[in-house]
Amino acid sequence: MTTPSPSETSPKTLFEKVWDAHLIQPETDAAPALVYIDLHLIHEVTSPQAFTALEQRGLKVRRPDRVYGTLDHSTPTTPRAPGSKPIYINAAAKKQVETLEDNCRRHGIRLAGWDSPERGIVHVIGPELGLTQPGMTIVCGDSHTSTHGAFGALAFGIGTTEVGHVLATQSLLQSKPRTMRVTVDGRLPHGVGGKDLILAIIAELGAGGASGHVIEYAGEAIEALSMEERMTVCNMSIEAGARAGMIAPDATTFAWLDGRKHAPKGAAWEAAKARWASLKSDPDARFDAEVRLDGSKLAPMVTWGDSPDMAAPIDASVPRAPEGPAAEALNYMGFKAGEALMGETIDAVFVGSCTNARLSDLREAAAVIAGRHVKPGVRMLVVPGSEEVKRQAEAEGLDAIFRTAGAEWREPGCSMCIAMNGDSGRSGERIVSTSNRNFAGRQGRGVRTILASPATAAASAIAGAIADPRRILEASHAQ
Amino acid sequence: MLNEPIKTVTARSFVIRDANVDTDQIIPARFLTTTERGALAEACFHDWRFTPDGEQTDHPLNTVNREEQRILIAGDNFGCGSSREHAPWALRDFGVEAVITSRAADIFKSNALKNGLVVCEIDEAAHAALLDREDLEITVDVVNQTVTAGNITASFKLDPFARTCLIEGVDPLGYILNQSDAIARFEQETAA
């Protein structure tokens, strides 16, 4: 299991640079590497038992200044008057939130609580506050921690036992993952975005295709992505089984971070930028696996089954002669073999989640739905990713666009992505969702999830069926 | 602080053939609101085992003898999806002591091994043979990293540290705490 340690001059991947810079102890025959963790994000669902474990052993939180908590998973998103108390789905959810409030208070950990303007989905607020920075190691008890890799950080999800390890020691035992580079050549066509790209990549790799690997996304199409789209891409790395996803920081990254609350300022900012500019794979760096895609050939993507790799271009049909899991998936979704995806009726639309609930996502959906109406009988939920996203969206009037179109404008949270706060569909319903997982029952028992971009979700809400947003965008453009 | 050492698991098996069984199947998210440990047996594969009204379904999991059938033979990429440690907790509470598969998802495997749930990734041929047979007497030998079921033998490879933790009952947190000086040195050197 010993990996020969490369000399200082041998070419390194971006991942290896960040990994090496955080090694407290390298991997040996007997033990994995001990890796220092720069930033530990916590939320109410995966932390309570970790604090309990610490207290049972009389341990303190080693670096409360490197921990940041938020409330997002169990929290209600039902609109409420300022100052009024949230109404939880059940007593357990309330207790879970109160437990985190209590744990943060007792251990001196910053918490974006109910009264904080910083509260939101953990993977939305980390970048938004500038807590997430290039070259960092970032962990959270949440698999979509891979989101932060969009900044050139090494960021991955951990279990509750490891949350306890990081609280107590600010470090983590980790076997060195393998590396994979996914290069996307060309430019994405108009009307095709980061969500479509990552769904295409997952379809190519398979749901376990990147197991044991950290993916670096590279190539012309990746470089041209906005910061938000890069986050969407890295966010769903886990849906291909990857440990993490990373993108080398560049001018787009720096422009996005500049001026954020916790980003370095003044001379420190200039120094940080100079340091971060070296965070890219060396030209001759070797990856354990290489995958190449042509971005210019992609179309908007939707999923047709109950695994995220069951994705296809929106103008395609579902499999014509499905067997095994594909046949079961079509049966679950209520699709007939060979049917066209477009025109399949839907019952609800969810715009939200750590994948697609940033301001740009809401703008994308609003651009499609502005001046149009959600099909009668279809329910549409728009759930901003954070209090800050909500404020900005309202300042731009996006909330009014959604409300006028017949959608619900809600409070920030994970909402219908994980459906543990009461926001869920009914059995048999089809939901076009901008979230990350279409597993059976993910959005409520028996609910059928169709993953898509915010634009596709909005177009589908208008049609009451899976619909191609490019047609609406072209029509708007022509007017 | 030591955990219960686990050198071997000998039990009968049950099979979940499906590939890509995700953590939302193992434990639906609405059961994640717990702040405690040890009460997730009913939540384990809940929506496969129970109707919305709480009646038992005719799913084969409801015929599993939880006292005896403590080894799960699972399809490829088992435990994909979320990082919820509630998934191995629920399996342990249900009675499962080892999962044998061709490939387990990374975070699930890491979480499972920290909870005394042995994860054995074996070659596809042996895996296929085991998937076809219900209720076998199986021995998982953690020391020698072998799975034996009648005339079927397969090997698996655990991370050496995870193996040591299992067979000697070593607690990983204790191990890291012993490196506190190195951690402090790292913090000083990097001004972290």
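Lettering of chains follows the sequences in order, A, B, ..., and the numbering in each one begins at 1. Atoms considered below: every heavy atom in the structure, side chains included; atoms not considered: hydrogens, waters and symmetry mates.
Both the backbone and the side chain of T160(A) come within less than 4.5 Å of a heavy atom in chain B. Neither the backbone nor the side chain of P325(A) comes within contact range of chain B; no heavy atom of the residue lies under 4.5 Å from a heavy atom of that chain. For S211(A), the parts sitting under 4.5 Å from any heavy atom of chain B are the backbone and the side chain alike. For A30(A), the part lying under 4.5 angstrom from a heavy atom of chain B is the backbone only. If you measure heavy-atom distances from F186(B) to chain A, the contacts under 4.5 Å come from the side chain alone. For S110(B), the part sitting under 4.5 Å from any heavy atom of chain A is the side chain, from C-beta outward, and nothing else. Both the backbone and the side chain of R442(A) come within less than 4.5 Å of a heavy atom in chain B. With a threshold of 4.5 angstrom between heavy atoms, P52(B) approaches chain A through its backbone and through its side chain. At a 4.5 Å heavy-atom cutoff, the contact between I238(A) and chain B is made by side-chain atoms alone. Looking at L34(A), only its side chain comes within 4.5 Å of chain B, counting heavy atoms on both sides. D76(B) does not touch chain A: none of its heavy atoms, backbone or side chain, sits under 4.5 Å away. The part of L23(A) that comes within reach of chain B is its backbone (N, CA, C, O), which places non-hydrogen atoms under 4.5 angstrom from that chain. Both the backbone and the side chain of A184(B) have a heavy atom closer than 4.5 Å to some heavy atom of chain A. For A53(A), no part sits under 4.5 Å from any heavy atom of chain B, backbone or side chain. For a residue to count as touching a neighbouring chain, one of its non-hydrogen atoms must lie under 4.5 Å from one of that chain's; by this rule A182(B) touches chain A with backbone and side chain alike. With a threshold of 4.5 angstrom between heavy atoms, S307(A) approaches chain B through side-chain atoms but not through N, CA, C or O. Of the atoms belonging to E189(B), not a single heavy atom falls under 4.5 Å from chain A. Using a 4.5 Å cut-off between heavy atoms, F108(B) makes no contact with chain A at all.
Listed options Y175(B), W89(B), F31(B) were ranked by heavy-atom pairs under 4.5 angstrom with chain A; first place goes to W89(B). Interface check for chain A: of the options D18(B), D24(B), D47(B), the most heavy-atom pairs under 4.5 Å are formed by D47(B). By number of non-hydrogen pairs under 4.5 angstrom with chain B, the leading residue of Q49(A), R66(A), H165(A), H73(A) is Q49(A). Interface check for chain A: of the options T23(B), T34(B), N20(B), the most heavy-atom pairs under 4.5 Å are formed by T34(B). Taking G241(A), G441(A), P32(A), G157(A) one by one and counting their heavy-atom pairs under 4.5 Å with chain B, the maximum is reached by P32(A). No other option in G81(B), C165(B), P88(B) has as many heavy-atom pairs under 4.5 Å with chain A as G81(B). Top candidate by heavy-atom pairs under 4.5 Å with chain B, chosen from G212(A), S143(A), A419(A), G444(A), is S143(A). Note on L100(A), T169(A), T46(A): by heavy-atom pairs under 4.5 Å with chain B, the leading option is T169(A). The residue among D106(B), N111(B), I107(B), L177(B) with the most heavy atom pairs within less than 4.5 Å of chain A is D106(B). The residue among K95(A), Q96(A), E44(A), R243(A) with the most heavy atom pairs within less than 4.5 Å of chain B is Q96(A). Between chain B and the residues P308(A), A21(A), P48(A), G141(A), the largest count of heavy-atom pairs under 4.5 Å involves P48(A). Ranked by heavy-atom pairs under 4.5 Å with chain A, the first of R185(B), R84(B), E36(B) is E36(B).
Residues E68(B) and R12(B) are paired through a salt bridge, judged by an N-O separation under 4.0 Å between the basic side chain and the carboxylate. A salt bridge links E239(A) with R437(A); the closest basic N to acidic carboxylate O contact falls under 4.0 Å. Ion pairing of E97(B) with R70(B) is present here, as a side-chain N (NZ or NE/NH1/NH2) and a carboxylate O approach within less than 4.0 Å. The residues D93(B) and R37(B) are annotated as not salt-bridged, no charged nitrogen and carboxylate oxygen being separated by less than 4.0 angstrom. Look at R63(A) and D38(A) and you find no salt bridge, because none of the NZ, NE, NH1 or NH2 atoms lies under 4.0 Å from a carboxylate O. Using a cut-off of 4.0 Å between Lys/Arg side-chain N and Asp/Glu carboxylate O, E85(B) and K114(B) are scored as not salt-bridged. With respect to the salt-bridge test (charged N to carboxylate O, under 4.0 angstrom), the residues E429(A) and R426(A) qualify.
Using modelled atom types and a 3.5 Å distance limit, the side chains of T139(B) and T10(B) yield a donor-acceptor pair. Side-chain atoms of E328(A) and N331(A) form no donor-acceptor pair, as typed in the model, at a separation below 3.5 Å. Checked by atom type, the side-chain pair T147(A)/N235(A) shows a donor-acceptor distance below 3.5 Å.
Within a 6.0 Å radius of CZ in R66(B), more than 12 heavy atoms belonging to other residues, nucleotides or ligands are found. Heavy atoms from other residues, nucleotides or ligands lying under 6.0 Å from CG of N178(B) number more than 12. Atom CD of E124(B) has 12 or fewer neighbouring heavy atoms from other residues, nucleotides or ligands inside a 6.0 Å radius.
Aromatic ring centroids of F94(B) and F45(B) lie 6.0 Å or more apart.
Side chain of R30(B) to main chain of M420(A): no donor-acceptor pair is present (N/O by atom type, distance under 3.5 Å, no hydrogens or angles).
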From CA spacing to verdict: side-chain contact (heavy atoms from CB on, under 4.5 Å), R92(B), C44(B): CA-CA 9 Å; R92(B) 289 291 275 134; C44(B) 188; over 6 Å; no
Show the numbers, then the answer: is there a side-chain contact (heavy atoms from CB on, under 4.5 Å) between V139(A) and L172(A)? CA-CA 10 Å; V139(A) 297; L172(A) 204 51; 4.0 Å; yes
